[in-house]
Amino acid sequence: MAKIAPSLLSADFTRLADEMQRLSAANVEVLHLDVMDAHFVPNLTFGYSLVKALRPLGTDMVFDVHLMMTNPLSYIDKFCQAGADILTVHVECDDDIRACLEAIKKNGVKAGLSVKPKTPASAVLPYLDMLDYVLVMTVEPGFGGQSMIYECLDKINELKALGREDMLIAVDGGVNANNCTDVSSRGADILVAGNAVFGAPDMTAAFAELSEKVR
Ligand code: DX5
Ligand code: ZN
């Protein structure tokens, strides 16, 4: 059974407290938070202060924080202290990956690695002993609302074949009602969905529909 993780990037930033309330009322279990540094990706979002501010508004939710940063290492403690439950860095970043994963785990937070569309799934293999989570990007990171690059889905099968049942596999980018069943049937545990949830006329109904399809 897979879970849909709404991506806050597509929420209405002028009323985030209301959005958190709506997500909570819709029984959202995992909330995806995209941090962009305007260097690793050509976009800039928010930092750990926002994660900290939202934390009391979603006490029951798993905060799945996705760091699209060239140098995440020196910010890891801050994001963990702000309330991340899962913290993900990119395998393509410039910092030492093992040092990043160690820093995350030292905080008692689940450690994740993300792979961009052109990066092979095998890039995570040297770190398997430390990984709780792999986030497979199915769009070029930086923006919500893009179309899924379907070829990337083969990485789910490759990662599943490793037999690490305790390592969660997430898919991020272009998930919608037409493709979510394919994604979940390949074995993904978490499907991030921004536009498909927040862009729908009825966010609660869209979340329920997607969740039902991947159940
Ligand atoms: C893209 C982000 C995604 C994004 C997904 O760089 O990592 O989490 O919010 O949005 P949709 O579901 O609209 O593709
Ligand atoms: Zn993301």
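Every heavy atom of this structure was used, including side-chain atoms; hydrogens, water molecules and symmetry mates were not. Both counts, for ligands and for their atoms, begin at 1 and track the order of listing. Keep in mind the model is a prediction, meaning the values are calculated, not measured.
Protein N/O/S atoms closer to the Zn ion (ligand 2) than 2.8 Å number 4 in this structure.
Under the 4.0 Å criterion applied to side-chain N and carboxylate O atoms, R215 and E212 are assigned as salt-bridge partners. For the pair D77 and K106, the salt-bridge criterion is not met [side-chain N within less than 4.0 Å of a carboxylate O]. Salt-bridge check for D154 with R186: passed, with a basic side-chain N closer than 4.0 Å to an acidic carboxylate O. In this structure, E158 does not pair ionically with K155, as no charged nitrogen and carboxylate oxygen lie closer than 4.0 Å. A salt bridge does not link D129 with R164: none of the charged nitrogens is closer than 4.0 Å to a carboxylate oxygen.
Note that R55 lies in the cation-pi zone of F63, set by a 6.0 Å cut-off to the ring centre and a 45° limit from the axis.
Applying the side-chain contact (heavy atoms from CB on, under 4.5 Å) test to V214 and every residue at least two apart in sequence or in another chain returns A2, I4, C180, S184, L191.
L87 is listed as a side-chain neighbour of L67, based on a closest heavy-atom distance under 4.5 Å.
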Just distance, no hydrogens or angles: give the donor-acceptor pairs under 3.5 Å from side chains in residues 112-122, sequence neighbours left out.
from: S114; atom 1: OG; to: H90; atom 2: NE2; distance (Å): 3.4
from: S114; atom 1: OG; to: L135; atom 2: O; distance (Å): 2.9
from: T119; atom 1: OG1; to: E92; atom 2: OE2; distance (Å): 2.6

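Protein residues with a heavy atom closer than 4.0 Å to ligand 1 are S7, L9, H32, D34, M36, H66, M68, M137, P141, G142, F143, G144, G145, D172, G173, G174, V192, A193, G194, N195, listed by chain and number.
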